[in-house]
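Because the structure is predicted, anything quoted here is derived from the model rather than measured.
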Amino acid sequence: MHGERIKIRLAAPAQDGRANAALIAFLAEELGVPKRNVSIEAGLTSRQKRVLVEGVKGELPWKMPKSSKS
């Protein structure tokens with residue numbers, strides 16, 4: 001974890017959307033959801049991305065920081 005972000009290192013090249021596809025496949029596998037439930041909401045061409053994952057059940061495989069929002 002890096003603050004409120006997670007850092008994922010991929011071996012796929014950042015060409016023709018291969019790194020984005022690898023990220024989606026990785027997150028879907030780790031979170032136990034179909035790839036269609038994972039979408040990149042922002043940052044398609046950036047190193048920093050905002051990703052939406054729908055249908056996650058149970059605990060995340062990493063610890064999320066406690067929110068300071070009340």
> Counting N and O atoms only, with roles assigned by atom type, does the side chain of K49 sit under 3.5 Å from a partner on the main chain of G43, one being a donor and the other an acceptor?
Replying inline: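 A pair under 3.5 Å: yes.
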> Within a reach of under 6.0 Å around CZ of R18, are more than 12 heavy atoms found that belong to other residues, nucleotides or ligands?
Replying inline: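 Atom CZ in R18 is crowded, with more than 12 foreign heavy atoms closer than 6.0 Å.
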> What residue among V38, V56, N37 forms side-chain contact (heavy atoms from CB on, under 4.5 Å) with L31?
Replying inline: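 Testing each of V38, V56, N37 against L31, the sole residue satisfying side-chain contact (heavy atoms from CB on, under 4.5 Å) is V56.
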>> List the residues meeting side chain to side chain contact (heavy atoms under 4.5 Å, CB included) with A21, not counting sequence neighbours, and say none if there are none.
In response: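 For A21, no residue satisfies side chain to side chain contact (heavy atoms under 4.5 Å, CB included) once neighbours in sequence are set aside.
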> Passes side-chain contact (heavy atoms from CB on, under 4.5 Å), I8 versus L27? Steps please.
Replying inline: CA-CA 10 Å; I8 300 172; L27 290 173; 3.8 Å; yes
> To the nearest 0.5 Å, how far apart are CZ in R50 and CG in L44?
Replying inline: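 So the CZ of R50 and the CG of L44 are separated by 11.0 Å.
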>> Give me the atom names and distance for the closest heavy-atom approach of A19 to A14.
In response: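 Minimum heavy-atom separation between A19 and A14: CB-CA, 3.9 Å.
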> If you take all heavy atoms of L52 and E41, which pair is closest and at what distance?
Replying inline: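 Shortest heavy-atom separation between L52 and E41 comes out as CB-CG, 3.5 Å.
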